[in-house]
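Letters A, B, ... mirror the listed sequences (proteins, then strands); counts begin at 1.
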Amino acid sequence: MSLNPQQRQAVEHVDSPLLVLAGAGSGKTSVITQKIAHLIQRCDIPPAKIAAITFTNKAAREMRERAHKLLRGGDVEGLTVCTFHALGLKFLQIEHEAANLRRGFTVFDADDAGNLIKELLPKGAKSDHINAVRGLVSRAKNEALSFEQAANLAKSPREREAADVYGQYQKRLAAFNAVDFDDLIRLPVQLLGENEELRARWQQKLSYLLVDEYQDTNAAQYSLLKLLAGSRGAFTCVGDDDQSIYAWRGADPENIDRLGKDFPNLRVVKLEQNYRCARRILRAANTLIANNPHTHVKTLWSQHDEGDPIRVFECSDSEHEATRVASEISFLAQKHKTPWSEFAVLFRGNHQSRELEKALQLQRIPYHLSGGTAFLERAEVKDVLAWLRLIANPDDDAAFLRAVAAPKREIGGTTLARLGEMANKLQLSLLRAAQRIDVLNQLPSRSSAAVDAFVNLVAALRKASTTMTPGDLCRKLAEDSGLLAALRAECRDEASFQRRRENIDELAQWFDAAGKGGPGELIAQLTLLTNADRDSAGNAVRLMTLHASKGLEFSYVFIVGVEDGLLPHESSIDEGRLDEERRLMYVGITRAKRLLHLSYARHAKRFGEHIKVTRSRFIDELPAAELHVVGRDAEQDAVRHKEHAAAAIDNIKALLGL
DNA sequence: GGTGAGCTTCTTTAC
DNA sequence: GAAGCTCACC
């Protein structure tokens, strides 16, 4: 692993803050991992005092693996490689007292948070409205504003309303002994900002910080970086303004320029040699991104071959498109003897994966859907998690409400409303209120017996939790709560019951593997994970969103749904945010090492209706000379592919002896 | 208090 | 065209 002069500079410069402007495929992960090695081996910094921050868990895992490979053995003991959010969580778990949190506090996921906001708004509020408020609250938090500050800064009635909701929302979170994702950054920033002793201690704890995907930091994350780094400025930020694709969640690429102002001794290194893409792919990417305004001009170049032209598939509809992509993958994999894992299919929205999965299954191509939170969103997994949350944190009302109905135990809306009222009056959480005899006595005898039975069950499990591992607790609770029995009754056939049982078991296994920590700590970590991070993908075609693909590379990349309305997305067109959509396309294109496929459908089904579709304006922005458009005769091709698919079904039937 | 028929809304993107 | 929600009925 040899470094070019710029990369070497980036690795060896440690005397002052460093910003690395790293183009796509310019080897920035190598730079970061090599720099970790350099800091440990040459600068004698203990690994436990180094933190490398990434944006996705997937990226964190990959970097950790590469660092381990590079350093071998115990040299990496204690090294922190995680996301900003995971770092914030770790901080809060250690400093929970300063944050006014009790041990085992809950991290609300986006769903929990959304439900809570919905509750705080007048009943029957439109979902637009709810989302708008939720967005505004989140934005205020991403700017590390307290609700008082947000109220002072509010300009419109809507912002004032949101600030007001923000205040109530925080009160509820505090009552639940819970935080949300945004708090994982905001609270550490607040605490470090106002508590000098704490700040000094953490600055002492961490001697060097490395931040990947720096262009995606928001105001709160930037503050966190500054607070942790302190005046020493012992950090390296690596980023690429052309790959900034998270403005919608508060990322501010201006943070790149801010760095130079806040740290006048900042050193800047540019990495412009691309080691990934064939030249034609790189030319296409450069041409596309040239349509965006730039403050930092980079010119990416590559020593690779020209490569094949970029192929553009015109399809009749998304089913046709999926079938065609699957066929092409099958064909290329055989022709070039390439493992499946060198293929990726990228799309704009998660819902687009369905059709692709169907087509891949039909052609018996192994695939792995990454990103998304499908696993954690399964009903049975959420149920078990709700129980665990409630056991770890008796004030978690959201968990109470889910657990109490999983399975059904004769406690319905009326009883819960009554219980909620009394809990409110007594300023207690639902579970604590339900534990009181005076409260139970106010309920009809049948209901109070049911509630009492539930409370006792939780107490028994809670007691059990002190002597068993979280994994075993998981299994015990699924049994004792009656969840498994209800699941068995609910499922029509044995196979689907087994599948769902396995999901619960997988959760238990995750806890077994996660090792140390009480259930509360572990659930909090789990909440931050997405599907991609749970299991190794093995030799399978990767299916993921364009956002999730950032930082990865594949020999063969297919981008599907390259249509106006999808990519660029409708709402981005409406709000005039085309630049970010273009960067998203740029990210997708630059994932490809050898061959890039773009495809679009001419007809689509939207909300059940058929509509006509125009191909993406971004395709027209690509240099025509690098493109090879295939399948203009889409209708005829669709028929061919349907026949192909039918034949595939026959094959499977034959194999199964049907 | 639980259940199913019929209604609406929904599609960005992620920690 | 699915998932979630409301409301009437058991």
Is there any protein nitrogen or oxygen under 3.5 Å from a nitrogen or oxygen in nucleotides 8-11 of chain B, and what are the pairs?
residue	atom	partner	partner atom	Å
B/dC10	OP1	A/Ser127	OG	2.1
B/dT11	O2	A/His351	ND1	2.5
B/dT11	O2	A/His351	NE2	2.5

Using a cut-off of 4.0 Å on non-hydrogen atoms, how would the nucleic acid contact of [X] be classed: base, sugar-phosphate, or nothing?
X: A/Arg577; value: base
X: A/Ala86; value: nothing
X: A/Phe84; value: nothing

Exercise. Could you go step by step and tell me if A/Phe343 and A/Phe554 meet the ring pair (Phe, Tyr, Trp, His ring centres under 6.0 Å) rule?
Worked result: CA-CA 6 Å; A/Phe343 291 84; A/Phe554 305 93; 9.6 Å; no
Expressed in angstrom and rounded to an integer, what is the separation of [X] atom [atom1] from [N] atom [atom2]?
X: A/Glu319; N: C/dG1; atom1: CD; atom2: C1'; result: 14 Å
X: A/Glu213; N: B/dT13; atom1: CD; atom2: C1'; result: 15 Å
X: A/Asp111; N: C/dG4; atom1: CG; atom2: P; result: 10 Å
X: A/Leu346; N: B/dT13; atom1: CG; atom2: C1'; result: 13 Å
X: A/Ile559; N: B/dT13; atom1: CD1; atom2: C1'; result: 15 Å
X: A/Asn218; N: B/dA14; atom1: CG; atom2: C1'; result: 12 Å
X: A/Asp216; N: B/dC15; atom1: CG; atom2: C1'; result: 12 Å
X: A/Ile245; N: B/dA14; atom1: CD1; atom2: P; result: 9 Å

Problem set entry | Set of ring pair (Phe, Tyr, Trp, His ring centres under 6.0 Å) partners for A/Tyr586, sequence neighbours left out |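 Applying ring pair (Phe, Tyr, Trp, His ring centres under 6.0 Å) to A/Tyr586 gives none.
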Exercise. Got a sec, which residues hit ring pair (Phe, Tyr, Trp, His ring centres under 6.0 Å) with A/Phe511, two or more places apart in sequence or on another chain?
Worked result: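 Partners of A/Phe511 by the ring pair (Phe, Tyr, Trp, His ring centres under 6.0 Å) criterion come out as none, since no residue qualifies.
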Looking only at side-chain atoms of [X], point me to the closest of [options].
X: A/Arg354; options: B/dC15, C/dA3, B/dT13; answer: C/dA3
X: A/Thr56; options: B/dC15, C/dA2, B/dT13; answer: B/dC15
X: A/Thr83; options: C/dA3, B/dC15, C/dC5; answer: B/dC15
X: A/Lys408; options: B/dA14, B/dG2, B/dC15; answer: B/dG2

Exercise. Toward the 5' end of DNA chain B, which comes first, A/Arg409 or A/Glu575, by nearest nucleotide?
Worked result: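 Upstream on the strand: A/Arg409.
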For this session: Could you check A/Ile411 against A/Glu580 and say which one's nearest nucleotide on DNA chain B is further toward the 5' end?
Result: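 It is A/Ile411 whose nearest nucleotide is closer to the 5' end.
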Protein-nucleic acid N or O pairs under 3.5 Å, nucleotides 8-10 of chain C:
none

For this session: Could you tell me whether A/Arg172 sits above the aromatic face of A/Tyr169, with NZ or CZ closer than 6.0 angstrom to the six-membered ring centre and within 45 degrees of the axis?
Result: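 Not flagged: A/Arg172 not positioned over aromatic ring of A/Tyr169.
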Whether the side chain of [X] engages the backbone of [Y] through a donor-acceptor N/O pair (distance < 3.5 Å, no angle test) should be reported.
X: A/Asp383; Y: A/Ala403; result: no
X: A/Asn142; Y: A/Arg249; result: yes
X: A/Ser244; Y: A/Asp241; result: no

For this session: With C1' as the reference atom in both, quote the distance from B/dT11 to C/dT6 in angstrom, rounded to an integer.
Result: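 Going atom to atom, C1' in each nucleotide, I get 23 Å.
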Problem set entry | Integer angstrom distance from the C1' of C/dG4 to that of B/dT13 |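 After rounding to an integer number of Å, I get 22 Å for this pair.
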Problem set entry | Side-chain N or O of A/Asn350 closer than 4.0 Å to phosphate OP1/OP2 of B/dA14 |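 Checking A/Asn350 against B/dA14: at least one side-chain N or O falls below 4.0 Å of OP1 or OP2.
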Exercise. Would you say A/Thr415 reaches B/dG1's phosphate, i.e. side-chain N/O to OP1/OP2 under 4.0 Å?
Worked result: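 So the side-chain polar atoms of A/Thr415 do come within 4.0 Å of the phosphate oxygens OP1 or OP2 of B/dG1, strictly under.
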For this session: Would you check if A/Trp248 stacks with the base of B/dT13, given a 5.5 Å centroid limit and a 30° plane limit, both strict?
Result: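 One would call A/Trp248 stacked on the B/dT13 base.
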Exercise. Given the rule in the side-chain contact (heavy atoms from CB on, under 4.5 Å) test, do A/His597 and A/Val325 qualify, once you have shown the distances and angles that lead to the verdict?
Worked result: CA-CA 9 Å; A/His597 272 258; A/Val325 166; over 6 Å; no
Exercise. What salt bridge (charged side-chain N to carboxylate O under 4.0 Å, His left out) pairs are there with at least one residue in residues 212-225 of chain A, not counting sequence neighbours?
Worked result: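 Output for this query lists A/Lys28-A/Asp212, A/Lys28-A/Glu213, A/Glu213-A/Lys550, A/Asp216-A/Lys550.
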Problem set entry | Partners passing salt bridge (Lys or Arg N to Asp or Glu O under 4.0 Å) against A/Asp109 (at least two apart in sequence or in another chain) |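 Residues passing salt bridge (Lys or Arg N to Asp or Glu O under 4.0 Å) with A/Asp109: none at all.
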Exercise. What heavy-atom pair brings A/Phe400 and A/Leu419 nearest, and what distance separates the two atoms?
Worked result: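 So the minimum-distance heavy-atom pair works out to CZ-CD2, 3.8 Å.
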